[in-house]
Student: 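I have a structure I would like to understand better, so I am pasting it below and will then ask my questions one at a time.
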Amino acid sequence: MYFFNDVEKKTLLGSILPTARKVGVSEELRGWNWFTPPLKPLYTGEGIPNYLVGAQYCATARDVFVARVRGIEGKSNIHAITGSLVHKAVSTVVLSYVEEGREPDFDEWWKREASIFGSLNEEQGASMSAQEGLKKFVKSAWNQTSSECLGALLARRSAQPYASEHDVRVSALPFLVEHKVDGRLLGLSGILSVDCYDYLHGVIFDLKYLRPGSAQQPWRRLYSAGYAIVLESVYEIPIDVGCVIYVSLVNNQLKVSRDIFFIGDDVRGWWLEERDKKLEIIAQKKDPGLPSKCYDACLYLKYCLGDQR
Ligand code: SF4
């Protein structure tokens, strides 16, 4: 998942990095300037998770009001569970290779994780056949991640036979997976979790499950942009490249595509607008009302629409 193919490497080296070097990022939008506007948050208090800043599923951002002001817990569904399982599968495999140099046992892992279906009923999409289909899909993502990690380890070992095992692993797989970081300097939560940061190439990855019928969206870049700004605020290093990894099922096959982009002023400014708007909703306990159309897989449908749905 976290390795680029030939075309993506050319895009990165021939287009994105040269643009980043030529255009650059305005100094005031680097995370290390968190103490001054426009990065300094207007509202402080209990920080919000970056996924709420980036999410654009609800056109009025009522999801923020419902979750953080009313304290309502969303009702999970099969799409949310699929996304969560794909994330867990990928991070479990990568971490196992980084820590132990080998693939974990999929069946044991699945037995543990499948208990998540207990929270759903058949109407919510948790039929046995749906679970079987999901298991196959998650296993494909697992297998692909495992083959890539193994290939990278073998290539690195054969290229540097005098390298220690530790050196081989941390350079072949330079990934901080589910990296926990404190976002409070920017008004975010203190326990953020970044899907993956490639510390040798300076790339922030964000993994997204695309359910059938949904499409890639430019706003999904907001998540990586937010994490880049947070890492800049904590570690004081520049991060210029983001990548949204879209995982979906097409023609019964796992499909992985990547949107690699320069985390320039535009997306940073957009992220700041979203952060400020959402912090304001919470600080002022402001109900932004219903949009003209709700997202059909929203976790708050029952709360917002009640019996209308
Ligand atoms: S149910 Fe509708 S109004 Fe409520 S959070 Fe979801 S999309 Fe927004």
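Treat the numbers as computed from the prediction; the structure is a model and nothing was measured. Atoms within a ligand are numbered from 1 in the order they appear, just like the ligands themselves. Sequence positions, counted from 1, serve as the residue numbers for this chain.
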Student: The criterion is ring-ring contact (aromatic ring centres under 6.0 Å, His included); which residues satisfy it with Tyr97, sequence neighbours excluded?
Tutor: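 With neighbours one apart ignored, the set is empty.
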
Student: Can you tell me how far apart CE (Met1) and CG (Leu207) are? Round to the nearest 0.5 Å.
Tutor: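 One finds 6.5 Å between CE of Met1 and CG of Leu207.
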
Student: At a 4.0 Å threshold, what atoms of ligand 1 neighbour a non-hydrogen atom of Leu290?
Tutor: 3 (S)

Student: Apply salt bridge (charged side-chain N to carboxylate O under 4.0 Å, His left out) to Arg68 and list each qualifying residue two or more places apart in sequence or on a separate chain.
Tutor: Glu46

Student: Under 2.8 Å from atom 6 (Fe) of ligand 1, which protein N, O or S atoms are there? Could you list them by chain and number?
Tutor: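 Metal shell, protein only: Cys298 SG.
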
Student: Between Ser193 and Lys180, do the side chains contain an N or O donor and an N or O acceptor separated by less than 3.5 Å?
Tutor: yes

Student: For a quick check under 3.5 Å, do Ser257 and Gln216 share a side-chain donor-acceptor pair by atom type?
Tutor: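 Gln216 and Ser257 do have a side-chain donor-acceptor pair below 3.5 Å.
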
Student: Residues in salt bridge (charged side-chain N to carboxylate O under 4.0 Å, His left out) with Lys286, at least two apart?
Tutor: Glu280

